[in-house]
Amino acid sequence: MTIGIVGLGYVGLPLAVAFAEAGQRVVGVDTNAGRVNQLRSGESYIEDIPSERLQAVSSHIEATTRTQRLSLCDAIIICVPTPLTANREPELGPLIGAAQVVGDALQAGQLVVLESTTYPGTTRERVLPILEETGLKAGRDFFLAFSPERVDPGNEVHHLGNTPKIIGGLTPACRDRAEAVYGIICEQVVPVSNPEVAEMAKLLENIFRSVNIALVNELARLADRMQIDIREVIDAAASKPFGFMRFDPGPGMGGHCLPVDPFYLSWKARELDFATEFIELAGKVNQSQPFFCVEQAERALNDQGKSVRGSKIAVLGVAYKPAVGDIRESPSLKIIDRLQSLGAEIAYHDPYVPELKAFGLRHTSLEEALDGADVALIVTAHPGIDHDHVAATVPTVDFRGVTRRDHAVARPPATDLPAPRVAQFELTEVAA
Ligand SMILES: NC(=O)c1ccc[n+]([C@@H]2O[C@H](COP(=O)([O-])OP(=O)(O)OC[C@H]3O[C@@H](n4cnc5c(N)ncnc54)[C@H](O)[C@@H]3O)[C@@H](O)[C@H]2O)c1
């Protein structure tokens, strides 16, 4: 088969490589000519795809900006960004643009799949009319489905191949075609009744995470005020083998998905006079979490009799999650912005992010970042960094809990002693 991929980013490039590795031909289209040139010279810009892996299949992948090449494909998969506008409304420009170029190239018999995360109804209400302007009819002349991407950049266990793929076809024939195509690269497909179910399932997954992260972030702030170690609380609660799922507090939410996608649903809900209160509340809590981090940095300086103005602050990790260089919506940016505006001198260490142009900053070595620092902030804990060494060198605020000693150690009950009445944990003193 020939598979067309529109948008060769975090989602599209791994997909292109997976199809190529499965022996299919891939036509990858992107509006970013720089990226296309990089791919043509065998250079990957996505951490999960090492350049060697790309080079091994480069004879199967044609990277191009020429959208008419899509007319050669058996299936076309759209993986373009779905951000929010400045007013936090869905920005469907890239998606509509992609649907238009697919429409221009559309041939009878082709399958078109949308993977970009979006609100329920997008495939049917926005993409379908553009494709049917050609005079071809979905379900009869061409096939249309929605299949949400579930890629988790940096995850070494779950990848495209072993993560079940949800598929919602516009008609049963559309679903069957999409199942056959994804069956080439995915161990398990999960067919659902229609595109709207598939669209909303993806949003449910992200909203579930957003709400739970907000819950634990809010409790972390309360625990801080009560001088209770929230991570010890979570360790203890997580010993329950049923009915509890662990979420850890952090500096706030980042990335393209969690801070953005839930608002696609709340925007759509407003059309129906429906207020999605959990989504709004979770967004509010998570968006304010970086300010709590700033407050903690201020406190760490205050403990030394210092003010933010004139202090040197080392920020460790500016990407939004470990082992990736993605800074979209990263809470580090808000933290740096606030601390800079309060007069701090910032040095940052993040081997995945060479520079932060907006702040006039470049990545420095760990030693340079820590040299003369009044406080270090662990915002994202990348692998391979000795955070214990950081904490031993400079007063450190650890937003990820990587320098903390495990307090709660699950033990089997001692058989020669009466079983404890409440829990079998060694509860040690809580750090004030
Ligand atoms: N990154 C993730 O972890 C992730 C996970 C699940 C779902 N998603 C969803 O997948 C979609 C894509 O996200 P991403 O992270 O891959 O984005 P990305 O920014 O990494 O890549 C998108 C690519 O599309 C290109 N592009 C933009 N408009 C285009 C157009 N009209 N035609 C052709 N190419 C175009 C861009 O140049 C870019 O290379 C989004 O809807 C996102 O919410 C992302």
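Numbers here are sequence positions counted from 1. Since the model is a prediction, treat every value here as computed from it, not as a measurement. All ligand and atom numbering here is 1-based and tracks the order in the structure.
At the shortest separation from atom 1 (N) of ligand 1 among protein heavy atoms lies Tyr10 CB, 3.4 Å. When hydrogens are left out, the protein atom nearest atom 21 (O) of ligand 1 is Gly9 CA, 3.1 Å; that is the closest non-hydrogen contact. Closest to atom 36 (C) of ligand 1, if we only count protein heavy atoms, is Asp30 OD1, 3.4 Å. Here the heavy atom of the protein found nearest to atom 31 (N) of ligand 1 is Pro94 O, 3.3 Å. With respect to atom 10 (O) of ligand 1, the closest heavy atom belonging to the protein is Val11 CG2, 3.3 Å. With hydrogens left out, the protein atom closest to atom 41 (O) of ligand 1 is Thr82 OG1, 2.5 Å, a heavy atom. With respect to atom 27 (C) of ligand 1, the closest heavy atom belonging to the protein is Pro81 CD, 3.5 Å. The protein heavy-atom contact nearest to atom 2 (C) of ligand 1 is Val151 CG1, 3.9 Å.
In terms of the ring-ring contact (aromatic ring centres under 6.0 Å, His included) criterion, residue partners of Phe208 (sequence neighbours excluded) are, by chain and number, Phe247.
By the criterion of a heavy-atom distance under 4.0 Å, neither the backbone nor the side chain of Glu205 is placed next to ligand 1. For Pro148, no heavy-atom contact with ligand 1 is shorter than 4.0 Å.
In summary, the atoms of ligand 1 found under 4.0 Å from a heavy atom of Lys202, numbered by their order in the structure, are 6 (C), 7 (C). For ligand 1 and Pro153, the ligand atoms under 4.0 Å from any heavy atom of the residue are 3 (O). Within ligand 1, counting atoms from 1 as listed, the ones closer than 4.0 Å to a heavy atom of Val6 are 32 (N), 33 (C). Atoms of ligand 1 lying under 4.0 Å from any heavy atom of Ala98, numbered from 1 in the order shown and given with element: 31 (N). Interface of Asn32 with ligand 1, defined as ligand atoms under 4.0 Å from a residue heavy atom, comprises 37 (O). In summary, the atoms of ligand 1 found under 4.0 Å from a heavy atom of Ser116, numbered by their order in the structure, are 11 (C), 41 (O).
Comment: Lys202 does not engage Glu149 in a salt bridge, judged by the lack of any side-chain N to carboxylate O separation of less than 4.0 angstrom. No salt bridge links Asp229 with Arg231; every basic N to acidic carboxylate O contact stays at or beyond 4.0 Å. Under a 4.0 Å N-O distance rule, the pair Arg175/Glu179 qualifies as a salt bridge. Under a 4.0 Å N-O distance rule, the pair Arg400/Asp398 does not qualify as a salt bridge. Under 4.0 Å is where a charged nitrogen must lie from a carboxylate oxygen, and between Asp224 and Arg299 at least one such pair does.
Residue nearest to atom 40 (C) of ligand 1, selected from Arg35, His256, Lys321: His256 (by heavy-atom distance).
Between atom NE2 of residue His363 and atom OH of residue Tyr352 there is a gap of 11.0 Å, rounded to the nearest 0.5 Å.
A donor-acceptor distance shorter than 3.5 angstrom exists from the side chain of Tyr264 to the backbone of Thr82, with no hydrogens or angles considered. Listed for the Ser311 side chain is no donor-acceptor partner under 3.5 Å among the backbone atoms of Ile313.
Considering backbone and side-chain N/O atoms, Glu149 never comes within less than 3.5 Å of an N/O atom of ligand 1. For ligand 1, none of its N or O atoms has an N or O atom of Tyr320 under 3.5 Å away.
Applying the side chain to side chain donor-acceptor pair (under 3.5 Å) test to pairs two or more places apart or on separate chains, those with a residue in residues 106-126 are Glu115-Lys165, Glu115-Tyr182, Thr118-Thr122, Thr123-Glu199, Arg124-Glu196, Glu125-Lys268.
Between Pro120 and Leu265, some side-chain heavy-atom pair lies under the 4.5 Å cut-off. Residues Gln340 and Leu361 have side chains in contact (heavy-atom distance under 4.5 Å, counting atoms from C-beta outward).
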